[in-house]
Amino acid sequence: MVDLRVELAGIKLSNPTVLASGILGDNAALLRRAAKTGFGAVTTKSFTIEPREGYATPIIAEVKAGLLNAVGLANPGYKEIKDILPKARVNGVPIIVSLAGSKIDEFVEMAIYAEDWGADIVELNLSCPHVSMMGMDIGHDPAFVANLVGELTGVIETPVFIKIGLTDNYMEVVSRALDKGAAGITAINTVKAMAINIYAKTPVLSHRYGGLSGPAIHPIATRVIYDIYREFKPPIIGIGGVEAWEDAVEFLLAGATAIGIGTAVSKHGLTISKVVSDGIRTYLEREGFESVRDIIGYVHRK
Amino acid sequence: MVDLRVELAGIKLSNPTVLASGILGDNAALLRRAAKTGFGAVTTKSFTIEPREGYATPIIAEVKAGLLNAVGLANPGYKEIKDILPKARVNGVPIIVSLAGSKIDEFVEMAIYAEDWGADIVELNLSCPHVSMMGMDIGHDPAFVANLVGELTGVIETPVFIKIGLTDNYMEVVSRALDKGAAGITAINTVKAMAINIYAKTPVLSHRYGGLSGPAIHPIATRVIYDIYREFKPPIIGIGGVEAWEDAVEFLLAGATAIGIGTAVSKHGLTISKVVSDGIRTYLEREGFESVRDIIGYVHRK
Amino acid sequence: MSYRVGRVKGVYAHTSLLKSLTIELEDDLNIIPGQFLMVWLPGYEEIPLSPSYADQNIVRLTVKGVGETTKRLISLDTGDRIYVRGPYGRGFDLDKPGKYLLAGGGYGAAPIIYSAYKLSKLGNQAVYVEGAKSIKEQLFIDEARKLGLEAILVTEDGSSGIKGLITDYIKQIIGEFDILLGCGPEPMLIKLLNMCIESGVDCQLSFERVVKCGIGICGSCVLGDRGLLVCYDGPVFNKERLMDLSFKEVV
Amino acid sequence: MSYRVGRVKGVYAHTSLLKSLTIELEDDLNIIPGQFLMVWLPGYEEIPLSPSYADQNIVRLTVKGVGETTKRLISLDTGDRIYVRGPYGRGFDLDKPGKYLLAGGGYGAAPIIYSAYKLSKLGNQAVYVEGAKSIKEQLFIDEARKLGLEAILVTEDGSSGIKGLITDYIKQIIGEFDILLGCGPEPMLIKLLNMCIESGVDCQLSFERVVKCGIGICGSCVLGDRGLLVCYDGPVFNKERLMDLSFKEVV
Ligand SMILES: Cc1cc2nc3c(=O)[nH]c(=O)nc-3n(C[C@H](O)[C@H](O)[C@H](O)COP(=O)(O)OP(=O)(O)OC[C@H]3O[C@@H](n4cnc5c(N)ncnc54)[C@H](O)[C@@H]3O)c2cc1C
Ligand SMILES: Cc1cc2nc3c(=O)[nH]c(=O)nc-3n(C[C@H](O)[C@H](O)[C@H](O)COP(=O)(O)OP(=O)(O)OC[C@H]3O[C@@H](n4cnc5c(N)ncnc54)[C@H](O)[C@@H]3O)c2cc1C
Ligand SMILES: Cc1cc2nc3c(=O)[nH]c(=O)nc-3n(C[C@H](O)[C@H](O)[C@H](O)COP(=O)(O)O)c2cc1C
Ligand SMILES: Cc1cc2nc3c(=O)[nH]c(=O)nc-3n(C[C@H](O)[C@H](O)[C@H](O)COP(=O)(O)O)c2cc1C
Ligand code: FES
Ligand code: FES
């Protein structure tokens with residue numbers, strides 16, 4: 001029997017699948033359900049200091065190669081972590097708390113709170129492509145990210161992951177964050193995009209711009225994971241268009257330690273985690289590996 | 001009968017479809033065939049000073065949402081323009097000559113040559129994501145692009161288009177290029193990506209990295225076209241994942257004047273140009289427009 | 001493209017705020033009663049609606065104007081465009097054998113009357129009960145009768161049919177049925193559920209939550225403490241599923 | 001994933017540089033004779049090969065070691081993995097009625113013998129002619145006979161069969177046939193084409209160019225001044241198409 005367990009900065013996962021942030025994740029019942037259904041870890045929706053309504057519908061546009069979303073970081077505000085986390089915890093499945101803010105102070109306040117209420121990992125959303133002054137707008141600045149990570153690792157002991165998107169300088173951002181003590185990298189977030197309805201003659205999303213996810217971004221994510229592993233070999237949660245176990249294996253070989261799943265939850269339901277981890281198991285058996293850890297970053301060994 | 005004619009910086013196209021650079025385009029017979037098959041204009045493969053063999057195969061990797069390529073700018077060298085252009089010209093279909101280089105001198109030399117041999121438009125490939133010291137490596141630097149365009153518009157009269165890819169600062173690059181006299185923008189090139197074969201446990205492409213094209217990048221291209229039109233309203237050749245007339249209309253509404261088609265040529269053959277322009281015609285008729293020009297940038301008018 | 005474009009073919013005003021729109025789509029759509037469409041009016045929001053009838057490329061939407069989008073919807077004219085994606089979610093299972101009691105409250109009667117069409121086609125026995133504030137807001141009693149069903153109207157003000165709440169009436173007759181299909185305001189649904197639990201009658205009830213994505217990804221439509229999703233696991237839930245939930249929010 | 005993974009099931013060495021590999025794939029593949037696969041050996045290049053036999057999940061490749069990749073291919077052992085995508089391109093049209101003359105030169109006999117299998121299944125009349133340097137490089141004469149076909153070997157050194165060039169022999173007999181299928185070195189193909197034009201015999205010939213993408217996008221496999229693509233419009237071209245071309249390059 002092959003071993004599917006992986007560790008993310010000391011946090012033990014029974015298998016490498018992770019529910020990606022923003023997918024069903026601002027509600028304790030849903031996180032709990034995801035954890036029970038087989039995810040190795042679950043990530044909360046990104047919390048902000050104040051509750052956010054999010055954007056008006058349409059917040060979703062289906063496109064040929066994936067999905068656009070502009071949810072607008074809808075969340076009940078970080079104070080809810082206190083109610084959500086204890087209820088969400090089940091079977092020892094680790095909970096990754098995602099945070100989004102525009103200032104270092106905000107992140108510090110939220111991170112301490114998340115740690116107090118039991119977050120296993122704090123993930124900094126530095127890459128949401130559709131909310132101004134947050135996410136991508138701050139995450140592409142290496143100096144800001146370095147300061148932010150430095151501050152946070154000074155005040156909390158919980159491992160800090162930064163979640164990056166597709167920018168020109170992600171390698172510099174990652175390098176600076178790791179230098180300052182980031183425990184790992186989550187890559188990638190959605191890519192800024194737009195869909196126009198040709199009969200309505202207007203962008204579909206109420207926010208006009210949205211983040212592209214799904215199969216469309218999978219080869220881009222593979223590249224980013226490959227780059228980061230090659231250079232820094234940190235723990236990586238690889239995310240982007242994973243909708244079958246083969247996609248997950250591709251990320252593992254490129255260097256991901258764990259595999260985030262988002263959009264595919266809509267197509268296949270939460271059981272996608274089981275399908276993916278079973279597929280990884282069969283692959284490992286057939287290819288003669290004893291542990292999933294044996295294939296992490298494998299393509300770099302050749 | 002609706003009017004499909006458009007103009008790109010004074011160059012007249014019988015319909016808005018354009019064969020994208022690198023697609024069958026370093027050979028006179030193929031350019032001629034494309035022009036005959038119905039394209040409103042054809043773009044050559046990017047020429048470089050020296051002939052280039054390109055990368056070893058595999059140069060192509062098929063992915064779920066599109067195609068990766070790392071052809072490596074294989075081309076016979078710009079001196080061939082002399083042989084290719086006269087033979088390629090047919091039915092008055094304009095020929096866009098694409099150029100790639102690493103230094104301003106190189107571009108100047110090639111651009112003059114292209115003009116001498118009858119190029120209708122010179123397109124600067126500032127965005128190939130898989131050849132170092134060319135394309136993307138130089139195209140993300142606004143100062144370099146400004147100088148380059150300034151020099152070129154000083155020495156040739158042929159309209160100069162810059163072809164951009166997905167970078168953080170494409171708006172600045174476009175702004176500087178237009179300031180210096182660029183006649184238009186071609187957007188977008190492929191997005192750097194990777195595909196790994198999970199049984200071979202190695203990247204598929206011999207060059208490892210490749211450019212992602214096809215449906216995957218369509219919503220990203222829509223966003224870039226939308227941004228550029230909103231801000232600058234230059235002539236835009238919109239490219240990225242157009243494989244049906246609906247995709248083309250989306251680009252027109254976003255602000256493109258002409259529609260480049262690449263990857264879809266593989267799926268549908270060169271007749272894709274007819275299929276797309278016929279579809280646009282029917283759409284215009286049904287929606288009550290007299291000319292394709294009436295819908296260029298239409299979403300911005302609301 | 002993800003949206004289908006439809007044209008309004010006809011508008012029937014039940015009241016000034018409650019209308020049925022017949023939509024013609026370009027292609028056929030296969031919708032199970034109880035499933036919903038995401039309906040978008042550019043410039044307004046996109047909202048979930050459960051058709052009150054559908055056949056091939058025809059869909060009928062019965063809409064109550066409660067806010068900006070629904071009010072805009074009921075002001076549409078013949079020929080206007082409407083954008084839909086879907087169908088999404090799980091509808092009513094009408095294949096179970098037995099005698100059906102159909103209970104629709106307010107615009108909740110929409111998926112119920114559509115179920116009546118399907119049930120009468122399947123030859124299943126069914127009685128249609130509709131609850132409304134007054135006779136003016138009554139929706140599908142005539143239609144149900146034309147289908148050959150016994151149809152009972154219950155009005156709160158007694159302006160027609162039986163006076164009272166639909167739940168009180170149903171309490172009296174529920175014992176005669178094998179299965180109840182219900183859609184309407186949540187307090188009505190909770191009462192129906194409790195009734196069915198007590199009387200041992202099977203049931204399938206359609207619930208509402210704020211549906212934003214419609215495809216089971218955003219989490220906004222969560223129902224109850226087991227994390228059920230109205231848009232993905234529902235909107236129609238069967239008795240077993242519902243018995244698992246604690247409905248503190250409403251009872 | 002775009003590649004299918006195959007395993008080498010058997011290797012038959014015709015000579016030390018010319019071998020046939022039987023490949024077992026995980027799924028069935030439907031390949032028309034004359035179509036090609038892009039065959040990739042990680043660490044080496046990806047090259048086009050036209051199977052010499054295919055049935056369900058079995059593909060036989062007949063490969064001549066001419067460079068790095070083909071030499072690596074012929075050194076594979078049973079159990080080794082091989083990666084293929086395709087089939088691509090247009091193969092032979094074997095549905096035309098008439099008497100077929102099959103002409104294969106060197107490893108060009110590969111798609112020709114595969115055509116022979118299909119033709120004999122279809123019950124079409126066919127004669128198989130193979131050209132080789134010497135008896136040692138002879139490939140499929142026995143196989144063709146087992147299929148019940150008349151099979152004639154033409155060797156350049158006369159070590160077996162008829163001595164001479166395959167084209168000289170074919171010139172003598174072509175008049176008896178309605179249609180010729182040919183694959184082999186380009187000078188052979190040009191001669192065959194000219195013969196067919198002169199004698200009024202129909203023909204389909206398979207050409208080679210450097211195939212890089214295999215999907216009609218890179219332009220590397222262009223043939224002639226009308227911009228035909230070997231990988232997309234070919235590799236098999238019919239007489240009408242070929243008559244349009246000027247083959248200055250080779251004649
Ligand atoms: C599965 C399902 C099927 C439905 N079928 C019908 C139907 O057939 N006919 C009909 O008239 N109505 C139906 N509804 C309710 C309808 O979706 C809401 O009335 C509509 O979304 C209100 O939008 P608005 O912009 O007009 O009002 P708003 O101003 O947005 O809100 C008015 C009221 O509607 C509620 N509401 C707002 N947005 C939503 C939302 N996205 N989902 C659910 N409730 C919301 C608010 O809480 C508020 O009470 C259905 C709802 C669901 C979940
Ligand atoms: C449609 C088609 C079907 C073919 N079928 C067979 C077959 O069944 N059996 C067989 O042995 N060979 C076949 N070939 C030829 C085979 O593809 C080449 O021999 C092979 O690509 C050489 O690769 P290499 O790395 O071993 O040699 P290289 O060192 O690359 O080159 C050796 C020789 O092959 C030529 N060549 C190189 N690359 C290619 C290429 N991509 N396409 C075509 N020619 C090339 C070169 O011009 C040179 O003359 C076919 C070619 C085509 C186009
Ligand atoms: C509806 C939706 C909401 C999302 N919300 C968040 C979020 O709040 N924070 C975050 O870091 N990422 C968010 N994401 C990004 C995902 O976590 C993930 O990085 C991205 O969707 C790519 O993965 P996928 O292709 O598997 O969906 C969201 C994605 C979607 C589709
Ligand atoms: C095989 C291939 C070769 C290409 N070569 C070039 C090139 O030489 N110069 C260039 O500017 N773009 C090149 N491109 C990019 C295309 O012109 C186009 O911008 C891109 O493929 C996106 O369009 P598509 O999705 O329609 O293919 C190439 C694309 C492909 C697929
Ligand atoms: S509405 Fe988004 S999950 Fe149901
Ligand atoms: S090999 Fe690329 S077009 Fe034929």
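No experiment lies behind these values; they were computed from the predicted model shown. In what follows, chains carry the letters A, B, and so on, assigned in the order in which the sequence lines appear, proteins first and then strands, with residues in each chain numbered from 1.
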Heavy atoms of Ala65(B) and Ala65(A) approach each other most closely as CB-CB, 3.5 Å
**Asked** Does Arg230(B) CZ have over 12 foreign heavy atoms under 6.0 Å away?
**Response** yes
Just wondering, are more than 12 heavy atoms of other shown residues or ligands nearer than 6.0 Å to CD in Glu285(B)?
-> yes
Donor-acceptor check, side chain of Asp168(A) to backbone of Asp168(B), threshold 3.5 angstrom: yes or no? yes
If one checks every heavy atom of Ile220(B) against chain A at 4.5 Å, the contacting part turns out to be both
Output for pair (His140(B) NE2, Asn169(A) CG), nearest 0.5 Å, gives 9.5 Å
Interface check, chain A: of Ala216(B), Pro219(B), Ala254(B), most non-hydrogen pairs under 4.5 Å belong to Pro219(B)
The interface call for Val63(B) against chain A, heavy-atom contacts under 4.5 Å, is side chain
Applying a strict 4.5 Å limit to non-hydrogen atoms, the region of Arg208(B) in contact with chain A is side chain
Taken to the nearest 0.5 Å, the spacing of Ile196(A) CD1 from Tyr226(B) OH works out to 7.5 Å
Scanning both residues in full, the closest heavy-atom pair of Lys64(B) with Pro215(A) reads CB-CB, 4.4 Å
Heavy atoms of Ile198(B) and Glu250(A) approach each other most closely as CG2-N, 3.7 Å
Cut-off 4.5 Å, heavy atoms of chain A, and the answer for Tyr283(B) is side chain
Worksheet item: Hey, is the main chain of Lys192(A) close enough, under 3.5 Å, to the side chain of Arg223(B) for a donor-acceptor pair?
Response: yes
To the nearest 0.5 Å, atom NZ of Lys201(A) lies from atom OH of Tyr298(B) at 6.0 Å
To the nearest 0.5 Å, atom OH of Tyr209(A) lies from atom OG1 of Thr222(B) at 11.5 Å
Interatomic distance, NE2@His300(B) vs OG1@Thr202(A), rounded to 0.5 Å, equals 10.5 Å
Applying a strict 4.5 Å limit to non-hydrogen atoms, the region of Leu166(B) in contact with chain A is both
